[in-house]
Amino acid sequence: MLVAKNSVETNKFELEIKVDAAGFEEALQKAYLQNKNKIQVPGFRKGKAPRKLIEKMYGVEVFYEDAINNSYPAALEEAVKEAELELVDRPEVEITAVNKEDGYTFKAVCIVKPEVEVSDYKGIKVTKTVNPVGDAEVSAELGRMQERNARTITVEGRSAEMGDTVVFDFDGSLDGVPFDGGKAEDFSLELGSGQFIPGFEEQMVSHNAGEEFDVNVTFPEDYHAEELKGKPAVFKIKLHEIKSKELPELDDEFAKDVSEFDTLDALKADIKAKAEERNKKAADEQVENDLVDAVVANMKAEIPEVMFENRTQEAVNEFAYRLQSQGMSLDLYLQYTGMDVDALKESFRAQSEKQVKIRLALEKIVELENIVPSEDDINEQYKKMAEQYNMEADKIKEIVPSDDIVKDLAMNKAIDLIRDSAVITEKKATAKKASSKKTASKKAEAKDEAAEGGEEKKAPAKKTAAKKSTAKKTETKAEDAE
């Protein structure tokens, strides 16, 4: 039961809580039943010794620790509810007094959800920019389709060039001594891909199939293998084969082969229509982001640091889970990238802070507007989740509590309210001009993908010692309003 509630500082309270003698006795009896089979008493088989005899032999406090550990969580939960506190972290608990006659008392230092003020969340003015789709985007997508449908042919009568794929053996050494991971046979490498350490791929150019030659390189100072950092190395190369891509012609036959359309013009029109739809969706999403950012900018709250820390740790855990699904552990990822756990956490920090602020702001709007999702809304959400995870809706309901569904739906409705009341001015950007090149280069394709939002980074594949290691900051695509 709650004895006292004292404010310690902003967002922090100290609760004094008591478990009476009857409640403590019940907990002691449960602790005895849980532990009696582990205790040996002369003259009794294990599990048969009376509790009073065990307490006499080992001390009256023998079951205190287990009894308290088993009973205080329920007492704490009841006291928090009575004190009308919404906790954001596990409380710090300290036992202050304990005996059989009176039960026990403890203090719990609780960090609570902050008081939040939001204002001017209706009628926000924003600009919606829809990027038009020009010939350049259509040409770039056609180029990517050509690349995907290209056939590989063996090159004869010329030496290797950038963009070719070469098949070769290599054997690396430092001062004539071979090193681990420095040898491979029939290795395939696309020249210009940047897969190997600087200088390696350039030295493969101008050589012919059947040639044997040396490649001289220096390992980068930030290379992942400590024993190779900054060291000069020699790789003996035996070049077996040179291959190149042969791109299909862009014509009606190409359209028939790669799509449901009979003509190249129809394929281009479809590519443009889909790109326009993506751009409209991206513009709508950006409007929502701008609106929510404006709400957060007007929010007033003293947010406990622990809320940011907890969300950051959750983001790291989610990232580790994604790595695991790709077949890589977090430890191995950190080894490859040269990061430590603290640096990884820091890379998630800014986004995590933003997510905490957005959630607090939206929750306050839900409260102010008395937003309550309907039963139909809840059932529809369960249905969508069931389809997404290919499970029965009833099974999803067992796994995901309805309270979580209600909270998420309510915040989505808060975003709808903000957007529906906003003053949105639409603006069109200038379309890009078509490139004169027949197909987009790798670098141009990468820029196009980045402009379209790109894809979430995947864990790097394991590399041989000849390949370079680059330390990159981790990225996450966590939703702003997660």
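Note: hydrogens, waters and symmetry copies are ignored here, and every other heavy atom, side chains too, is used.
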message: Looking at Ser402, is its backbone amide N or carbonyl O close enough to the side chain of Tyr382 to form a donor-acceptor pair, meaning the two atoms are under 3.5 Å apart?
response: yes

message: Are there over 12 heavy-atom neighbours, none belonging to Lys5, within less than 6.0 Å of that residue's NZ?
response: yes

task: Mind checking salt bridge (charged side-chain N to carboxylate O under 4.0 Å, His left out) for Glu226 and listing every partner two or more places apart, or none if nothing turns up?
output: Lys229

- prompt: How would you list, by chain and number, every residue that makes a ring-ring contact (aromatic ring centres under 6.0 Å, His included) with Phe308, sequence neighbours excluded?
  reply: none

- prompt: Please walk me through it: do Leu87 and Val80 pass side chain to side chain contact (heavy atoms under 4.5 Å, CB included)?
  reply: CA-CA 8 Å; Leu87 307 189; Val80 168; 3.9 Å; yes

- prompt: Below 4.0 angstrom, N of the basic side chain to O of the carboxylate: do Asp135 and Lys268 qualify?
  reply: no

message: Regarding Lys280 and Glu276, does a basic nitrogen lie under 4.0 Å from an acidic carboxylate oxygen?
response: no

- prompt: So, are Arg359 and Asp408 salt-bridged, with charged N and O less than 4.0 Å apart?
  reply: yes

message: Test of understanding: with salt bridge (charged side-chain N to carboxylate O under 4.0 Å, His left out), list the residues that count as partners of Lys383, not counting sequence neighbours.
response: none

field: Leu360 and its side-chain contact (heavy atoms from CB on, under 4.5 Å) partner, picked from Ile358, Leu362, Val356
entry: Val356

task: May I ask you to decide if Leu264's main-chain N or O and Asp252's side chain share a donor-acceptor pair within less than 3.5 Å?
output: yes

query: Asp66 and Asn35: side chain to side chain contact (heavy atoms under 4.5 Å, CB included), yes or no, with the steps?
result: CA-CA 9 Å; Asp66 285 342; Asn35 290 282; 3.0 Å; yes

field: Those residues that, when tested against Glu375, pass salt bridge (charged side-chain N to carboxylate O under 4.0 Å, His left out) (two or more places apart)
entry: none

task: Using a cut-off of 6.0 Å, state whether more than 12 heavy atoms not belonging to Glu84 lie near its atom CD.
output: no

field: Worked check of side chain to side chain contact (heavy atoms under 4.5 Å, CB included) between Glu249 and Phe254
entry: CA-CA 7 Å; Glu249 289 293 327; Phe254 174 79; over 6 Å; no

query: For Pro114 and Asn11, which heavy atoms make the closest approach, and how far apart are they?
result: CA-OD1, 3.3 Å

query: For Ile371 and Ala410, which heavy atoms make the closest approach, and how far apart are they?
result: CG2-O, 3.9 Å

- prompt: Are Thr425 and Lys125 side-chain neighbours, meaning at least one heavy-atom pair lies under 4.5 Å?
  reply: no

query: Has the side chain of Asn279 got a donor or acceptor atom that lies under 3.5 Å from a matching backbone atom of Asn131?
result: yes

Pairwise side-chain contact, Ser374 with Ile378, heavy-atom cut-off 4.5 Å (strictly under): no

query: If you draw the axis of the six-membered ring of Phe24, does the NZ or CZ of Lys100 fall within 45° of it and under 6.0 Å from the ring centre?
result: no

Heavy-atom pair of closest approach, residues Val41 and Ala49: CG2-CB, 3.6 Å

- request: State, yes or no, whether a side-chain contact exists between Met145 and Ile271 at a heavy-atom distance under 4.5 Å.
  value: yes

- prompt: Would you say the side-chain atoms of Gln286 and Asp290 include a donor-acceptor pair closer than 3.5 Å?
  reply: yes

- prompt: Between Arg51 and Gln29, is any pair of side-chain heavy atoms under 4.5 Å apart?
  reply: yes

- prompt: Once you round to the nearest 0.5 Å, how far does CG of Asn289 lie from CD1 of Ile415?
  reply: 9.0 Å

message: Please evaluate residues Val88 and Asn310 with respect to the criterion side chain to side chain contact (heavy atoms under 4.5 Å, CB included), reporting the C-alpha separation (whole Å), side-chain torsions for both, the decisive distance (0.1 Å), and the verdict.
response: CA-CA 9 Å; Val88 296; Asn310 288 347; 6.0 Å; no

message: Can you confirm whether Val19 sits close enough to Tyr72 that some side-chain heavy atom of one is under 4.5 Å from a side-chain heavy atom of the other?
response: no

message: For Lys128, give me all partners under side chain to side chain contact (heavy atoms under 4.5 Å, CB included), at least two apart in sequence or on another chain.
response: Val130, Ala283, Asp284, Val287, Ile424, Glu426

query: Do we see a donor-acceptor contact under 3.5 Å between the side chains of Asn317 and Gln313?
result: yes

field: Test log, rule side-chain hydrogen bond (donor to acceptor under 3.5 Å, both in side chains), inputs Asn149 and Asp257
entry: CA-CA 9 Å; Asn149 290 277; Asp257 289 340; over 6 Å; no

query: Could you give all pairs that pass the side chain to side chain donor-acceptor pair (under 3.5 Å) test and reach residues 385-400, with sequence neighbours left out?
result: none

query: Around atom CD of Glu25, are there more than 12 heavy atoms of other residues, nucleotides or ligands at under 6.0 Å?
result: yes

With Gln34 via side chain to side chain contact (heavy atoms under 4.5 Å, CB included) - residues at least two apart: Asn70

message: List the residues meeting side chain to side chain contact (heavy atoms under 4.5 Å, CB included) with Ala150, not counting sequence neighbours, and say none if there are none.
response: Lys245, Leu247

message: Among residues at least two apart in sequence or on other chains, which ones pass salt bridge (charged side-chain N to carboxylate O under 4.0 Å, His left out) with Arg349?
response: Glu305, Glu353

- prompt: How would you list all residue pairs meeting side chain to side chain donor-acceptor pair (under 3.5 Å) that involve residues 105-123, not counting sequence neighbours?
  reply: Thr96-Thr105, Lys113-Glu363, Tyr121-Glu369, Lys122-Glu369

- prompt: Is there side-chain contact between Val60 and Val62, with at least one heavy-atom pair below 4.5 Å?
  reply: no

statement: For Lys364, the side chain to side chain donor-acceptor pair (under 3.5 Å) test, sequence neighbours excluded, returns Glu367

message: To check you understand the geometry: which heavy-atom pair defines the closest contact between Leu2 and Ala4, and what is its length?
response: CD1-O, 3.4 Å

task: Let me know which of Asn6, Leu85, Val109, Val93 forms a side-chain contact (heavy atoms from CB on, under 4.5 Å) with Leu15.
output: Leu85

Criterion ring-ring contact (aromatic ring centres under 6.0 Å, His included) on Tyr104 and Tyr64, from CA distance to verdict: CA-CA 10 Å; Tyr104 68 92; Tyr64 277 16; 9.0 Å; no

field: Residue pair Lys38 / Lys46, side-chain heavy-atom distance below 4.5 Å
entry: no

- prompt: Partners of Ala282 by side chain to side chain contact (heavy atoms under 4.5 Å, CB included), sequence neighbours excluded?
  reply: none

